[in-house]
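Here is the structure we will look at, set down as structure tokens.
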Amino acid sequence: MENIIRNLIIEHSNELFGSQIEAKQVQFQLTRKEFEGDLTLVVFPFVKLLKTSPDLAATKIGTFLQEHLSEIKSFLVVQGFLNISLTENYWFSELKKIAKSENFGYQKANSKGTIMVEYASPNTNKPLHLGHLRNVFLGYSVAEIQKANGYKVVKTQIINDRGIHICKSMLAWERFSPLNEKGERETPENTGLKGDKLVGKYYVIFDKEYNAEAKLIIESWENGNFDGFSEQVKAEFLKFEEAKIGKTENAIIDLSAKIKELAKNQTTLMRDANEMLMKWEARDPQIYLLWTTMNSWVYKGFDVTYKTMGVDFDKIYYESETYLIGKEVIEEGLAKNVFFKKDDGSVWIDLTSDGLDEKLLLRSNGTAVYMTQDVGTAIDRFKDYPDLEGVTYTVGNEQDYHFKVLFLILKKMGYSWAESCYHLSYGMVELRNDQGEIGKMKSREGTVVDADDLMDEVVSSAKKMTQERGHLEGMTEIEKENLYRQIGMGGLKYYLLKVDPRKSMAFNPEESIELNGNTGPFIQYTYARIQSLLGKANKIEAISEVSINADEKELIKLMVLFPSILQESGKENSPALLINYTYDLVKSFNQFYHNVPVNAEENAALRNLRLILCDNVAKIVKNAMKLIGIEVPNRM
RNA sequence: GGCCCCGUAGCUCAGCUGGAUAGAGCAACUGCCUUCUAAGCAGUAGGUCACACGUUCGAAUCGUGUCGGGGUCACCA
């Protein structure tokens, strides 16, 4: 409707204003609830052209529009705002359009090009935690939203399965795992532990053991004992110690950290881990077998978690397979002089002319760094999917700089598709402690919220609360368990996705399981109420003309907005827009539900219209929540 | 320190391509279940939109500066 009016005004702008106007000068907003009207035209931009008062200008435009458009019932001018009321026929025709389409607001599937959405991409040494939940739910939802907007979407993740950190857990497992009575080391099978948890456990053990070893080394250095260490190490240590003299407390802490770093690199554990990495790169069969085995444990564990999360992937990339591509490309770039080599053999790119720094691409020993593999992975992806129109990387905002550099490198390498790469940069999840203070999650301080544990908790909390107040008569145990899961997971997803993804957010455990107010269960509850209502109703007939009240019109108005909200949330990569919209719709529905009878309405035509409203609100709620990854139950 | 992001009610967040009296939820207080699920609805109270200046008919929204918070500046990933 806005467009029809806008075009009409532009078409007749000479006649109305005596000059040609642009589309953006014609601004609309929904009429605020306290005024009568449906649509509001802001007339201030035209006041100057007409050289008259805002009210007179508005009246002139209003009169003109009413003469030309039959959909306009009336208009009112308030303080320079032209409030337009549309006819009931117009609203009925809109409702009919909504009712006709099963997936109202969705674009035709695969009508647009292919895009790739990367999310999750965990480190194989650490079980998934709260931060991953935001990442995974966000990435999944964005992928689903893009699908609904007509794109063909490839959901992907890159698995960080290579490098020194992997060797750390492998080494710790070989060295520190106790043997059982059969002489076997710990496995997921003989311990019952989830594979990712078991491997994560050994990563922590490595960290502990090698910190302990480093501490002993520092002690012996401090006592002047450098037996077994090179002159170079000794010199470095003494240099740091000397630098401490007369420095501020902070500088001393800094220097101590450097000493610790030096000592860590001298530990036998670190040396052995490095040796293992070399063997891995040389495809040593024994190491490779161990690597494959332990990785398979991790993947099995992650799969369980992803299943609980309700997410999936179409294609998985492994750094162990793409880092070599990256290395080749770096060589290529070196030949093309995009990169340069320093005396020690390390390869860099100079981005100072772009306002950035120099960035390392290959270590002096020729091994790949993070950036190397990301370059390789990107290229691999566009090779696998030649018609790819874009890649969205769902990665936390602490890596903003990394992606800026990555895309710039790809561009400088001459890949035209570099422009279509997009970093969906989301904010941190901060944790609330008992005092209400906000803190960061740190694995070393034990403040990490494990993803599996958290999901278990929200589901069991949903179970408890649903048993207290739910309507569960006649449901089987399986149905009940499924309901608890839907409510618990729905609440968690809603809680993590309702805020703008770009902003950092506070995680409050109590709020995340809340059932009242702006929560997932509130949406689900409303949906269940509608289903209950529809279940008791007669068959729905075609719409016949009746007079509608403000509550009913409000619902149609909100439903009409859904397609543009869906597009916007796709454009912005923001599930939050969809959630906030659904909340508004549901809130309005509950007012409607409270204010007017549906099945008890005696006028058959009106009852039928209200049923149509209920049915379509439910349809939109269900379709919107599906894109968030939230299921809506028929009963709760 | 350089660069990036953020600052709206006690708390968590909407609103930001400039538009009417800045909105929700939670927490507090009040009402409403002999009509369709009270996980609901209605109401009271709560604001110098961090601060200052500027642009404009009009600024929470745009610009500049200040203050406060976070991130990042690794031969880690």
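A note on names: the letters A, B, ... follow the listed sequences, proteins ahead of strands, and every chain is numbered from 1.
Rounded to a whole Å, the OH atom of Tyr393(A) is 17 Å from the P atom of A77(B). In this entry the distance linking CG of Asn580(A) with P of U12(B) reads 17 Å, nearest Å.
Toward the 5′ end of RNA chain B lies the nearest nucleotide of Arg502(A), the other residue of the pair Ala576(A) and Arg502(A) mapping further downstream. Across the interface with RNA chain B, nearest-nucleotide mapping of Arg363(A) and Gln591(A) shows Gln591(A) to be the residue nearer the 5′ end.
For Tyr401(A), the listed nucleotide lying nearest its side chain is U72(B); candidates were U72(B), A39(B), U37(B). With G19(B), C36(B), A39(B) as the candidates, the nucleotide lying closest to the side chain of Pro521(A) is A39(B). Side-chain atoms of Asn123(A) lie closest to A77(B) of the nucleotides G19(B), A77(B), G71(B). Side-chain proximity of Asn590(A) to C41(B), A14(B), C57(B): nearest is C41(B).
Using atom P as the reference point in both C16(B) and C76(B), the two lie 44 Å apart (nearest Å). Taking atom P on both U34(B) and A28(B), the two are 25 Å apart, rounded to the nearest angstrom. Rounded to whole Å, the C1' atom of G43(B) lies 24 Å from the corresponding atom of A20(B). The same atom, C1', is picked in U56(B) and in C62(B); the two are 10 Å apart, to the nearest Å. Comparing the P positions of G10(B) and G54(B) gives a spacing of 29 Å, expressed to the nearest Å. Rounded to the nearest Å, the gap between the P atom of A50(B) and that of A22(B) is 15 Å. Comparing the C1' positions of G25(B) and U8(B) gives an interatomic distance of 15 Å, to the nearest angstrom.
Within the 4.0 Å cut-off from OP1 or OP2 of A14(B), at least one side-chain nitrogen or oxygen of Lys503(A) is found. Between Ser532(A) and U37(B) there is a side-chain polar atom (N or O) within less than 4.0 angstrom of OP1 or OP2. Put simply, Asn516(A) has no side-chain N or O that comes within less than 4.0 Å of OP1 or OP2 on A39(B). Of the side-chain N and O atoms in Tyr525(A), one or more sit less than 4.0 angstrom from OP1 or OP2 of A39(B). Put simply, Arg32(A) has no side-chain N or O that comes within less than 4.0 Å of OP1 or OP2 on A22(B).
For Arg134(A) and Tyr426(A), the positive end is not near the middle of the six-membered ring at less than 6.0 Å and at most 45° from its axis. Judged by a 6.0 Å distance limit and a 45° cone about the ring axis, Lys342(A) is positioned over the six-membered ring of Trp348(A).
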List the atom pairs, donor and acceptor, that lie under 3.5 Å between side-chain atoms in residues 585-596 of chain A and the rest of the protein, sequence neighbours left out.
| from | atom 1 | to | atom 2 | distance (Å) |
| --- | --- | --- | --- | --- |
| Ser588(A) | OG | Asp584(A) | O | 3.3 |
| Asn590(A) | OD1 | Arg529(A) | NH2 | 2.8 |
| Asn590(A) | ND2 | Thr526(A) | OG1 | 3.2 |
| Asn595(A) | ND2 | Asp551(A) | OD2 | 3.1 |
| Asn595(A) | ND2 | Gln591(A) | O | 3.3 |

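With a glycosidic angle more than 90° from 0, C26(B) adopts the anti conformation.
The shortest side-chain heavy-atom distance between Asn580(A) and Ile565(A) does not fall under the 4.5 Å cut-off.
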side-chain contact (heavy atoms from CB on, under 4.5 Å) for Ile349(A) and Glu358(A)? Distances and angles first, verdict last.
CA-CA 6 Å; Ile349(A) 185 165; Glu358(A) 288 183 351; over 6 Å; no

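Using a 4.0 Å heavy-atom criterion, one finds that Lys587(A) contacts the sugar-phosphate atoms exclusively.
Between the base of A20(B) and the side chain of Thr40(A) there is a donor-acceptor pair shorter than 3.5 Å.
The ring pair (Phe, Tyr, Trp, His ring centres under 6.0 Å) test with Tyr495(A) singles out one residue from Phe507(A), Phe522(A), Phe137(A), and that residue is Phe507(A).
Checked against a 6.0 Å centroid threshold, the rings of His165(A) and Tyr203(A) do not count as neighbours.
Below 30°, between 30° and 60°, or above 60°: for Tyr393(A) and Phe403(A) the angle between ring planes is between 30° and 60°, a tilted geometry.
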Parsed dot-bracket for RNA chain B after applying the Watson-Crick and G-U rules with both distances under 3.5 Å and | for other-strand partners is (((((((..((((.....[...)))).(((((.......))))).....(((((..]....))))))))))))....

